[in-house]
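For reference, the structure discussed in these notes is given below.
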Amino acid sequence: MKLASIYPFLNQDIDKIEKSLNETIQADHPVLREASTQLLRAGGKRIRPVFVLLSGKFGDYNLDRMTAVAVSLELIHMASLVHDDVIDEAELRRGQPTIKAKWDNKTAMYAGDYIFARAIECLSSLDNAHVHQILSKTIVELCLGEFEQFKDKFDWNQNVRTYLRRIKRKTALLIAASCQLGAVAGNVSVKHEKALYRYGYNVGMSYQIIDDVLDLTSTEEELGKPAGSDLLQGNITLPVLYAMEKDEKLKKHLETLFAIPEDVTKAQMDDVIQWIKETGAIQEALATSDRYLQKAFDNVAMLPQSKAKQAFERIAKYIGKRRS
Amino acid sequence: MQNNELTIKELKDSIQYQLKHPYVAKFIPEPVINEDKIVFLTSIVSGVDRLSEEQKRKYVIATMLVQIALDTHELVTVSSDGENEELRKSRQLTVLAGDYYSGLYYYLLSKIGDVSMIQTLATAIKDINEYKMKLYNDQLNIGQMVEYLRDIESLLIRRVAEFLGRTSILNTAADWLVATRLRSENVHFRKREVAPILDLIMKHPSYRMTGGQALSTIEKFVEKYMTLVEHSLSTWPSRFANVKDYLNQHLYHSIMMNHHAVEEG
């Protein structure tokens, strides 16, 4: 099942957002224009705009207001991806060459800053200070999450709490903010706005945990990068933390093996992944993801019956079953 | 001037406090805070009666945070080839730190609910990146390069001044900022540090200048803009006495420094 088949009633509005995204980043300079639109053309799930639109459906849904919020959030996400590719020295993103690969780091920095500025400008059309307060706080938290991810790299003594705080900042808060901002732009009641925020937060946590599991359980073909890439980059994810808790020998092995990450061979990586799987840590991580998902369902249950509510439920189910 | 200096010091301290992040500080140098820009911004906001003291403070700090964010991203190297682990970490954190500082400007202004100022600075960031792209990518002659640099260096201040309707000192501020920026390029080049404008000039296919030629070309532009500043300062109205004193002091210092450089060859 494709994600988009869950919300066909949003198709026209999503098309409008897509068009608006493209118009918003038409820079004057041809290289800046091409660089900025490069990632947009590569596609993407546009999950944040979808959450904005669905949340707005619980209030006074005005497409222009929803579009401003949705475009702004997607652009913030895009700008962070453009800069992330400079950080990670990534060559490909969504199957296309990254800006830094096609041009260089400098162009990627300018394009990311340009897209960020356009996102803020776009949201400013609403003249609503509250939406800026929500988004700006989220952006600062997102950056702090990135710092934490850096700090925690190859730290084999970090705990589950550290991991959860990191993915909260890295992923869940922007999804939660998408739901909340959609609700605020649609003048949704405070009670429902809170339920939507918590739905977004819990779905975001579940989504990231599954993403981290898939990094160990999917094939290179499915992932578009080698399995275990997170570990190779020093990102110690929930299944690895659970596996180390269960098997002290594995922890010691990882510490020794990743002393020089560049020297880890594919065969060694495959062995490590197999070892992690044998501890039962994958199932445990998925169970944690399910607990977040259950909380997301509990929050959706507080919302009035509607097509949007059904879509939120089905998206949560889709995320829970995601295997690629 | 004493009071103004105190204000500038206090603003600088506040900016430094905002920028502090213990983990980032371990790996990248503390950002340079351009005091001249604080002086110009302070002078612009100080005469606006409709702004509270707190708003004025926040305007200056937020604008400086944007400036520092953009300057930080300028430090990201063109390519990551041949980096060792230390340089890689520094590049990666430089990207993140710039993003963080941008987030701080946005957070600061959103807390006081100033959507118009948020928009003003966002539009300026957008335009600065258009100019930077031209400067970096297009085949410009040296005069055009310096003009774009002048725009890049002064655009944030220009937009704040236009937003507040306080534009009288803008051209002088732009002349001063481009002159000091060019002079710092020369200093960096002499110290074998990163000097992107000199690099652009030396690599330009139409010029192919040596380091010495590029330095002397830049110095001519510095003199041109410093002369413009000197002339316009004499015509400034008295309400800008503080900033005028500040610039005169620094102008004198700058001339003396130049004399020393000439004497030492």
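Residue numbering restarts at 1 for every chain, and letters A, B, ... go by the order of the sequence lines.
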Does any backbone or side-chain atom of B:N137 lie under 4.5 Å from a heavy atom of chain A? Answer side chain, backbone, both or neither.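 Contact with chain A: side chain only.
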Portion of B:K134 that has a non-hydrogen atom of chain A nearer than 4.5 angstrom: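 Contact with chain A involves both backbone and side-chain atoms of B:K134.
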Top contributor to chain B interface from [options] [non-hydrogen pairs under 4.5 Å]:
options: A:E146, A:R33, A:E141, A:K100; result: A:E146
options: A:I120, A:D88, A:L144; result: A:I120
options: A:D84, A:L126, A:N105; result: A:N105
options: A:I134, A:T107, A:I115; result: A:T107
options: A:N128, A:L135, A:L123; result: A:L135
options: A:I139, A:V140, A:L142; result: A:V140

Within 6.0 Å of CG in A:D127, more than 12 heavy atoms from elsewhere: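 Count not over threshold, so no.
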More than 12 heavy atoms of other groups within 6.0 Å of B:R50 CZ: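 Above 12, so yes.
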Neighbourhood of chain A inside [range], taking heavy atoms under 4.5 Å as contact:
range: residues 12-32 of chain B; result: B:H21, B:Y23, B:V24
range: residues 116-126 of chain B; result: B:I118, B:Q119, B:A122, B:T123, B:I125, B:K126
range: residues 62-81 of chain B; result: B:L70, B:H73, B:E74, B:V76, B:T77, B:V78, B:S79, B:S80

Test item: [X] and [Y] side chains (from C-beta on) under 4.5 Å apart, heavy atoms:
X: B:K58; Y: B:E54; answer: yes
X: B:N171; Y: B:R158; answer: yes
X: A:F154; Y: A:P261; answer: yes
X: A:S36; Y: A:R118; answer: no
X: A:L75; Y: A:F116; answer: no
X: A:R166; Y: A:R161; answer: no
X: B:K191; Y: B:H188; answer: no
X: B:K37; Y: B:E153; answer: yes

Based on non-hydrogen pairs under 4.5 Å, which of B:R88, B:K89, B:Q92 is most in contact with chain A?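 Result: the option with the highest number of such pairs is B:Q92.
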[X] side, atom [atom1]; [Y] side, atom [atom2] - distance, nearest 0.5 Å:
X: A:M78; Y: A:R93; atom1: CE; atom2: CZ; value: 11.0 Å
X: A:I175; Y: A:L173; atom1: CD1; atom2: CG; value: 10.0 Å
X: B:T180; Y: B:N34; atom1: OG1; atom2: CG; value: 6.0 Å

Below 30° counts as parallel, above 60° as perpendicular, anything between as tilted: where do the rings of B:Y59 and B:F163 land?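 Because their plane-to-plane angle lies in the 30° to 60° range, the rings of B:Y59 and B:F163 count as tilted.
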Over 60° means perpendicular and under 30° means parallel, so tell me whether A:F147 and B:Y100 are parallel, tilted or perpendicular.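 Ring orientation of A:F147 relative to B:Y100: perpendicular.
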Under the salt bridge (Lys or Arg N to Asp or Glu O under 4.0 Å) test, residues paired with A:K170 that sit two or more places apart: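 Expected list: none.
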Just checking, A:K153 and A:F150: is the charged tip under 6.0 Å from the six-membered ring centre and within 45° of the axis?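 Geometry flag: set, cation within 6.0 Å and 45°.
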